[in-house]
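A short write-up of the structure that comes next.
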Number of protein chains: 2
Amino acid sequence: MEPDLRRLILDTTRHLLVEDGYASLSMRKIARAIGYSATSIYLHFENKDALFHALIDEGMDRLHQALKAVEKVHPDDPIARLHALCRRYVAFGLENPEYYEVMFMLHPQHMERYPAEKYRRARRNLDLFAAAVAAGGARGVLAVEDARVATSVVWSALHGAVTLLLARRVDVRIDEAAFIEAAIRHSLRGFVPLPEPVIS
Amino acid sequence: MEPDLRRLILDTTRHLLVEDGYASLSMRKIARAIGYSATSIYLHFENKDALFHALIDEGMDRLHQALKAVEKVHPDDPIARLHALCRRYVAFGLENPEYYEVMFMLHPQHMERYPAEKYRRARRNLDLFAAAVAAGGARGVLAVEDARVATSVVWSALHGAVTLLLARRVDVRIDEAAFIEAAIRHSLRGFVPLPEPVIS
DNA sequence: CGGCTAGCTTAACAGTGTTAACTCGAAGCA
DNA sequence: TGCTTCGAGTTAACACTGTTAAGCTAGCCG
C-alpha cells in the first residue's frame with residue numbers, strides 16, 4: 001500500500017529515537033507507530049541492526065553535509081577552518097543526539113559491526129578534519145607530527161566533550177557553551193608550535 | 001545458605017560483564033551463574049539499575065585507589081602529576097572496560113539516574129585532577145583560566161580517547177599506545193602559557 | 001478462470017525485567 | 001515442647017523483547 005515503506009520506517013524510527021530514546025525502542029513499537037505489523041519491517045531491513053546501520057548512513061551523510069558547508073567558508077585559513085569544523089561537529093552531536101548515539105556510541109557488543117564497506121562513508125567526515133590539520137601543518141601554523149594521529153586526537157577530544165554532555169556527566173555548574181568553547185580552544189592550543197618541549 | 005549472596009552477585013555480575021558484555025547481561029543469566037533463582041537477586045538489589053549502581057560504586061572506588069596511588073608519586077610537580085593521572089585514567093578505562101562502561105557511558109535514558117548523593121564519590125576522582133590543575137595554575141607552569149572548566153576539559157579529552165578506543169572507532173592503522181600518548185600530550189600542551197592569543 | 005507473486009499478516013519461540021504469592025526451615029518465646 | 005514469626009529463597013505469572021515460519025490475500029499474467 002505504502003509507496004515507500006522503507007522511507008516511512010526510517011523516518012518513524014528517527015522520530016521515536018528522539019522522543020523516547022534508544023533504550024526503549026523496539027520493532028513492535030516502530031510497527032505500531034507506522035500502523036503495520038512488526039514483521040513488515042523485516043521485509044525492508046534484515047534485522048534491527050540493519051535498520052540502525054541505515055540510520056548511521058543517514059547520520060553520516062547529514063554530518064558530512066554540515067561539515068562541508070562550514071569547510072567552504074574558510075578555504076585559505078586552516079586554523080579558522082579547523083575551529084569551525086570543531087564547533088560544527090560538537091553542535092551536530094548535541095543537536096542530533098539520536099544520530100550521534102547510533103553513529104558513534106553503540107559498541108560492537110551492542111550491534112553487529114558496521115560493515116567495513118560503509119566505513120569509508122564515515123571516514124569522509126574525518127577526512128575533512130584531516131585536510132585542515134594537514135594544511136595547517138604544511139603551512140607551519142600548526143605543529144603537526146603525524147597528521148593522521150593528530151586528526152584522531154582532535155576528534156577524540158570533540159567526541160569526549162559531546163559524549164560527556166549527552167550523558168549529562170559534566171559539572172552542572174559549568175556553562176555548556178563555555179565548556180564547549182574551552183574544549184575546542186584547548187584542543188587547538190595543543191597544536192601551538194613550541195620552541196622546546198615543556199612537557200616531558 | 002550463602003553467607004554473603006550480595007557479594008557473590010556483584011562478583012559474578014562483574015565477571016559476566018567482562019566475559020559477555022553489558023548487552024547480553026540479564027538477571028536470569030546472573031542467577032543461573034550463581035545457582036539461585038532470578039528473583040533472589042531482588043532480595044539484595046532493588047532492581048537491575050540498583051545492581052549497576054553498586055557496580056559503579058565499586059568502579060569509582062577502584063579508580064580512586066588507582067589515581068591516589070599515582071598522585072602520591074609526584075607531590076611537588078603538578079605537571080608530572082597531571083600527566084601520570086591522565087595515563088592512569090586511560091589505562092584504567094582500557095583495563096576495566098566493563099567498569100568504565102557502567103561508570104561513564106550508560107546514559108540516563110538507559111538507567112535510572114545515579115543517585116545525587118553518590119555523585120560525590122564519583123567527583124572525588126575528578127578532584128584529584130582538579131588539584132593538579134589548580135596547583136599548576138597557581139605555580140604558573142600551566143595556563144589556567146578557570147580550574148573547574150579546565151579540569152573538565154582535560155577529563156573530556158581523556159574520556160574521548162577511552163571511549164573511541166573501547167568502541168574500536170580509532171583508525172586501525174594508528175598504534176594504540178601512540179594514540180593515547182599523543183592524546184594526553186596534546187591535552188597537556190593545551191595548557192602551555194602563550195605570549196598572545198594565536199587562536200582567535 | 002488458474003496460477004503466481006508481492007506485500008503483509010498471525011502465531012509462535014525463546015528470551016527479558018519484575019511482581020505476587022508461596023514454601024520451608026530456623027529462631028524466639030511462652 | 002509447642003506455637004508463632006520471620007526471612008531467605010522459590011515458582012508462576014505478566015507484559016514485554018527480536019525474530020522466524022507459515023499463511024493469507026489482492027492484483028497481475030497467461
Side-chain angles (χ1 to χ4, degrees), chain A residues 1-56 98 101-102 105-115, chain B residues 1-56 98 101-102 105-115:
Chain A
M1 178 67 75
E2 196 62 40
D4 198 353
L5 186 52
R6 183 191 157 89
R7 184 71 260 146
L8 182 61
I9 293 170
L10 280 172
D11 291 341
T12 305
T13 304
R14 198 180 59 244
H15 195 237
L16 289 175
L17 219 42
V18 182
E19 293 224 326
D20 306 345
Y22 169 75
S24 79
L25 203 139
S26 78
M27 301 297 259
R28 284 175 167 90
K29 196 168 175 180
I30 298 169
R32 230 176 292 135
I34 61 175
Y36 284 73
S37 79
T39 50
S40 304
I41 302 174
Y42 290 87
L43 302 172
H44 297 269
F45 299 93
E46 196 184 343
N47 51 29
K48 201 182 181 187
D49 285 343
L51 173 54
F52 279 107
H53 286 170
L55 277 178
I56 292 180
E98 72 289 355
E101 196 171 347
V102 294
M105 296 170 74
L106 292 189
H107 302 35
Q109 291 173 336
H110 288 150
M111 185 171 64
E112 194 179 315
R113 203 176 195 85
Y114 191 57
Chain B
M1 178 65 76
E2 196 63 38
D4 198 352
L5 185 52
R6 184 190 156 89
R7 185 71 260 147
L8 182 61
I9 292 170
L10 280 172
D11 291 341
T12 306
T13 304
R14 199 180 58 245
H15 194 237
L16 289 175
L17 219 43
V18 182
E19 293 225 325
D20 306 345
Y22 169 74
S24 79
L25 204 140
S26 79
M27 301 298 259
R28 285 175 166 90
K29 195 169 176 179
I30 298 168
R32 231 176 292 135
I34 61 175
Y36 284 74
S37 80
T39 50
S40 304
I41 301 174
Y42 289 87
L43 302 172
H44 298 269
F45 299 93
E46 198 184 344
N47 51 30
K48 202 183 182 187
D49 285 344
L51 173 53
F52 280 106
H53 287 169
L55 278 178
I56 292 180
E98 72 288 357
E101 196 171 348
V102 295
M105 295 170 74
L106 292 189
H107 301 36
Q109 291 174 335
H110 288 149
M111 185 171 64
E112 196 178 312
R113 203 178 195 85
Y114 190 58

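No hydrogens, no waters, no symmetry mates; every other heavy atom, side chains included, goes into these values. So you know, we letter chains A, B, ... as the sequences are listed, proteins then strands, and number each from 1. These figures come from a predicted structure and were not determined experimentally.
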Check: Given atom OH of A/Tyr36 and atom C1' of C/dT9, what is their separation to the nearest angstrom?
Finding: 12 Å
Note to self: What is the separation between atom CZ on A/Phe45 and atom P on D/dT20, rounded to the nearest whole Å?
What the structure shows: 15 Å
Item checked: Below 4.0 Å: OP1/OP2 of D/dG9 and any side-chain N or O of B/Ser40 -> no
Notebook entry, point to check: For B/Arg7, which residues count as a side-chain hydrogen bond (donor to acceptor under 3.5 Å, both in side chains) partner, sequence neighbours excluded?
Noted result: B/Asp11, B/Glu58
Checklist line | Protein-nucleotide distance (B/Ile9, atom CD1; C/dG17, atom P), rounded to Å | finding: 13 Å
Notebook entry, point to check: Does some side-chain heavy atom of B/Thr13 sit less than 4.5 Å from a side-chain heavy atom of B/Ile41?
Noted result: no
Check: What pairs with B/Thr12 under side-chain hydrogen bond (donor to acceptor under 3.5 Å, both in side chains), at least two apart in sequence or on another chain?
Finding: none
Note to self: Just verifying a value: how many Å separate A/Leu55 CG and A/Phe45 CZ, rounded to the nearest 0.5 Å?
What the structure shows: 7.5 Å
Notebook entry, point to check: Do A/Tyr42 and A/Met27 have side-chain heavy atoms sitting under 4.5 Å apart?
Noted result: yes
Item checked: Divergence of helical axes at both termini of the helix from C/dC1-D/dG30 to C/dA30-D/dT1 - five pairs an end, 10° steps -> 30°
Note to self: Each nucleotide in nucleotides 18-23 of chain C should get exactly one letter: B, S or -. Can you fill that in based on protein heavy atoms under 4.0 Å?
What the structure shows: BBB---
Next item on the list: Would you please name every residue forming a side chain to side chain contact (heavy atoms under 4.5 Å, CB included) with B/His44, sequence neighbours left out?
Entry: B/Leu5, B/Arg6, B/Ile9
Next item on the list: Describe the nucleic acid contact of B/Leu25 in one word from base, sugar-phosphate, nothing, applying a heavy-atom distance below 4.0 Å.
Entry: sugar-phosphate
Margin query: If I take atom CZ in residue A/Arg32 and atom C1' in nucleotide D/dG18, what distance separates them, rounded to the nearest angstrom?
Written below: 14 Å
Notebook entry, point to check: Considering residues at least two apart in sequence or located in another chain, which fulfil the side-chain hydrogen bond (donor to acceptor under 3.5 Å, both in side chains) criterion with A/Ser37?
Noted result: A/Thr39, A/Ser40
Next item on the list: Describe the nucleic acid contact of B/Arg6 in one word from base, sugar-phosphate, nothing, applying a heavy-atom distance below 4.0 Å.
Entry: nothing
Next item on the list: Quick one: label B/Ser26 by what it contacts on the DNA or RNA (base, sugar-phosphate, nothing), any heavy atom closer than 4.0 Å.
Entry: sugar-phosphate
Notebook entry, point to check: Expressed in angstrom and rounded to an integer, what is the separation of A/Asp20 atom CG from D/dT17 atom P?
Noted result: 12 Å
Item checked: salt bridge (charged side-chain N to carboxylate O under 4.0 Å, His left out) pairs, two or more places apart, involving residues 22-31 of chain A -> A/Asp20-A/Lys29
Next item on the list: Please report, rounded to the nearest Å, how far the P atom of C/dT16 is from the NZ atom of A/Lys29.
Entry: 21 Å
Checklist line | Ring center gap for A/Tyr22 and A/Phe52 short of 6.0 angstrom | finding: yes
Notebook entry, point to check: B/Tyr22 OH to C/dT16 P: how many Å, rounded?
Noted result: 14 Å
Notebook entry, point to check: For the pair made of CG in B/Leu43 and P in D/dG9, what is the distance, rounded to whole Å?
Noted result: 7 Å
Check: So what does B/Ile41 hit on the nucleic acid, given a heavy-atom distance under 4.0 Å: a base, only sugar-phosphate, or nothing?
Finding: nothing
Next item on the list: Respond yes when some side-chain nitrogen or oxygen of A/His44 is under 4.0 Å from OP1 or OP2 of C/dG7, and no when none is.
Entry: no
